[in-house]
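Report on one structure; see the data block that follows.
Being a predicted model, the structure only gives us computed values, none of them experimental.
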Amino acid sequence: MKIYIVYDSEVGHTEKLARSIAKGAKNVEGTEVFIHHVNNANVRDLAQMDAIIWGCPGHFGTISSGLKAWIDRLGSLWAEGNLVDKIGAVFCTTATVHGGIEATLLNLITPMLHQGMMVVGLPASIPGNAFYGSYYGIGVTSPDEDTDDELSHALYDKGILLGESLGTRVANMTKIFLTGRENLSR
């Protein structure tokens, strides 16, 4: 089972979240994870993946320009139907508490739906998600490194841990989907 994680990160917060998601996915037996910064990610690799997770810093409630430019190169995969029925999930970071996390996550989901992907979120039954999470994916408010605000750092750390939960959930859902598809073809 192959999972591809692509991220845009400017100061390292989003990369840290991407690595947490990768760690969670690797906890599921039989999972191979490919993780790339958007500058090193090849859209053609997606056709061979079973699940795709992408994320970026939120910029005024929308996708960062780096990830958006990468997503805009998916046209040939769309035309060929190469991403239809792949599992997808999204994540983002913002600099402020109400910095547009859910708007960014929804903007990240939209291209997946256009590709015919099946989007996996994180339910409230995941510990901590109902208090500090989102049902659309993982959105984390990143603290300013220059602040001593313990609450900001604690909430960021909780969000990073939720990343592991998303990675594990995507890997488990992908395994369930692939097993079901194999059984249907027999």
task: Any chance you could lay out the side-chain contact (heavy atoms from CB on, under 4.5 Å) test for Gln115 and Leu74, step after step, and finish with the verdict?
output: CA-CA 9 Å; Gln115 293 286 343; Leu74 297 177; 3.4 Å; yes

What's the shortest heavy-atom distance between [X] and [Y], and which atoms?
| X | Y | result |
| --- | --- | --- |
| Ala18 | Tyr7 | CB-CD2, 3.7 Å |
| Ile101 | Gly139 | CG2-CA, 3.4 Å |
| Ser76 | Arg44 | OG-NH1, 3.5 Å |
| Ser134 | Leu105 | OG-CD1, 3.5 Å |
| Ala47 | Leu77 | CB-CD2, 4.3 Å |
| Gly55 | Thr14 | C-CG2, 4.2 Å |

Could you tell me whether a side-chain N or O of [X] sits under 3.5 Å from a main-chain N or O of [Y], the two making a donor and an acceptor?
| X | Y | answer |
| --- | --- | --- |
| Lys86 | Met49 | yes |
| Arg169 | Gly121 | yes |
| Lys23 | Thr168 | no |
| Thr141 | Thr94 | no |
| Thr104 | Gly58 | no |

Look up atom [atom1] in [X] and atom [atom2] in [Y], then write down how far apart they are to the nearest 0.5 Å.
| X | Y | atom1 | atom2 | answer |
| --- | --- | --- | --- | --- |
| Thr110 | Ile71 | OG1 | CD1 | 9.5 Å |
| Tyr136 | Leu122 | OH | CG | 13.0 Å |
| Asn42 | Leu46 | CG | CG | 8.0 Å |
| Ile138 | Leu17 | CD1 | CG | 7.0 Å |
| Ser165 | Asn172 | OG | CG | 11.0 Å |
| Leu166 | Ile53 | CG | CD1 | 5.5 Å |

Within a reach of under 6.0 Å around [atom1] of [X], are more than 12 heavy atoms found that belong to other residues, nucleotides or ligands?
| X | atom1 | answer |
| --- | --- | --- |
| Glu80 | CD | yes |
| Lys175 | NZ | yes |
| His114 | NE2 | no |

Taking the side chain as every heavy atom from C-beta outward, state whether [X] and [Y] have any pair of such atoms under 4.5 Å apart.
| X | Y | answer |
| --- | --- | --- |
| His59 | Glu10 | yes |
| Ile5 | Phe91 | yes |
| Ile63 | Leu108 | yes |

Applying the 4.5 Å side-chain criterion to the ILVMFWY set and letting contacts propagate, would [X] and [Y] be lumped into a single cluster?
| X | Y | result |
| --- | --- | --- |
| Leu162 | Met173 | yes |
| Ile176 | Val120 | yes |
| Leu83 | Phe34 | yes |
| Trp78 | Val119 | no |

field: Partner of Ile87 under side-chain contact (heavy atoms from CB on, under 4.5 Å), chosen from Met112, Met117, Met118
entry: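 Per the side-chain contact (heavy atoms from CB on, under 4.5 Å) rule, the option paired with Ile87 is Met118, out of Met112, Met117, Met118.
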
query: Between Trp54 and Trp70, how do the two ring planes meet: parallel, tilted or perpendicular, split at 30° and 60°?
result: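 The arrangement is perpendicular - the two ring planes meet at more than 60°.
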
field: Polar side chain donor-acceptor pair, Asp50 to Thr174, under 3.5 angstrom
entry: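 No.
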
- prompt: Do the charged groups of Glu164 and Lys16 touch, with an N to O distance under 4.0 Å?
  reply: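 A salt bridge is absent here (no side-chain N lies under 4.0 Å from a carboxylate O).
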
Candidate pair His36 and Tyr4, rule ring pair (Phe, Tyr, Trp, His ring centres under 6.0 Å), full reasoning: CA-CA 8 Å; His36 296 285; Tyr4 197 90; 5.3 Å; yes

